[in-house]
Amino acid sequence: MSAEVMSELEHGASGHGKGIRSRLGSHDHGGAVVASPPAFDVERIRRDFPILERMVRDDRLVYLDNAATTQKPRQVLDTLARYYSDGNANIHRGVYTLSEEATAAYDAARIKVQRFLNARASREIVFTRNSTESINLVAHSFGRRHVGPGDEIVITHMEHHSNIVPWQLLCEQVGAQLRVAPIDDSGTLQLDELERLIGPRTKLVSVVHLSNSLGTINPVREIVAMAKRRDVPVLIDGSQAVYHMPVDVQALDCDFYALTGHKLYGPTGIGVLYGREEWLERMPPYQGGGDMIRSVTFEKTTYADLPHKFEAGTPHIAGVVGLGAAIDYLQEVGFEAIAPHEADLLAYGTAALSEVKGLRLIGTAAHKASILAFVMKGAHPHDVGTIVDTEGVAVRTGHHCTQPVMYRFGVPATARASVAMYNTRAEIDALVRALERVREMFPV
Ligand SMILES: *Cc1c(COP(=O)(O)O)cnc(C)c1O
């Protein structure tokens, strides 16, 4: 990440998390807490992640597939075990101690998410299964109420399939049109083109914050401002952004923000939709069932208040509690410590990969984070992935659920390394050594 991006991120940050100094990189000087910039103790972080001890055949695991899912710290694993071994009960319905405790833990986690995103109120935080479900919720509920024949939804060329297909389904159902803003050869969004697409028929702009296949960080605050000038609401897919940078939905002024717990060092099966209260109030329920009602008769059902209107059925209580623990962990380490470390890995990795003969990086935007996607002349990405795995290095190969990006760059697939807070320069070196083996097997 460039210094420029960091300052942009700080702008987007509201101070939440800013006072939280890493226990690793802080010194107490007469009562004042002072951060010491290079004091990120990655080895200490690594000890929190038991899986990083794992061997893959004869090699220590080098996990560089964080954009697909991150590993979980002990603090999250312990919270999950404690919840099931000591606190498991269904919520919101019991008057007995255990159920009250589970309900309190569930509600407390919602407040953690609210503070993490700096939402105005916890009723703006809806728990879902993942980002995909968060986006589908908006497509169904907002879409069927506010989008009609001839209307338009604007997205970008770098969206994940989960921010393409729900809109295509909606457009088919209501006779609306999908408009796609182009990207340039570096993987940068062409903002002026996006602006031109936002017109009188536009009902929603939906953009990714940080691209999972290119690493591009989109100027989402500018995009929201652009859309707001035309009274168009904006959804941001924050699946990748939330574990690399502070996010403040009030500063961004967005209407919806989607995230997925398993990329945020939390459990699978739990996601979040932030929605501006004015919108959520006007949107019909997404699913019907228990917990989302106020009263039910065969003649008429009235719905529960926010956010419960959107949380039908028994939720993923353990997942919510585990997500709360993941957010606690992330904030304790602190983005002010994580972001420079990851930026160093990205810069180091970019330089190192550029030295590999016949390697082409896909995604070279000026503002990017975490992602090192590439193709190698003469070797299919799947061969690259398989060969580096023999050295214990885990990278993802394929289209990364962004097939339009692959078509745009004229490649069938890419190999993608993606870094998180626990990765090291030594692991990048291991990747480069493994790629040298690929080069030996597929000489150019
Ligand atoms: C991972 C990802 C998603 C989908 O997340 P799920 O957990 O599969 O719902 C959506 N968008 C982006 C940018 C992603 O990286």
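All values below were derived from every heavy atom in this structure, side-chain atoms included, with hydrogens, water molecules and symmetry-related copies excluded. Whatever order the structure lists ligands and atoms in, that order sets their numbers, starting from 1. None of these values were measured; they are calculated from a predicted model.
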Would His400 and His160 count as a close aromatic pair, with their ring centres under 6.0 Å? no

Ser418 (side chain) donor-acceptor with Ala67 (main chain) under 3.5 angstrom: yes

Quick one: list whatever passes side chain to side chain contact (heavy atoms under 4.5 Å, CB included) with Thr424, sequence neighbours left out. Val42, Glu43, Arg46, Ala426, Glu427

So which protein residues pack against ligand 1 under 4.0 Å, heavy atoms counted? Asn130, Ser131, Thr132, His160, Ser162, Val208, Asn212, Asp237, Ser239, Gln240, Thr260, His262, Lys263

Output all residues satisfying ring pair (Phe, Tyr, Trp, His ring centres under 6.0 Å) with Tyr106, sequence neighbours left out; order by chain, then residue number. His92, Phe127

Residues two or more places apart in sequence or in another chain: which of them pass ring pair (Phe, Tyr, Trp, His ring centres under 6.0 Å) with His146? Phe142, Trp279

Ignoring hydrogens, what is the shortest heavy-atom contact between Pro267 and Ile270? Give both atom names and the distance. O-CG2, 3.5 Å

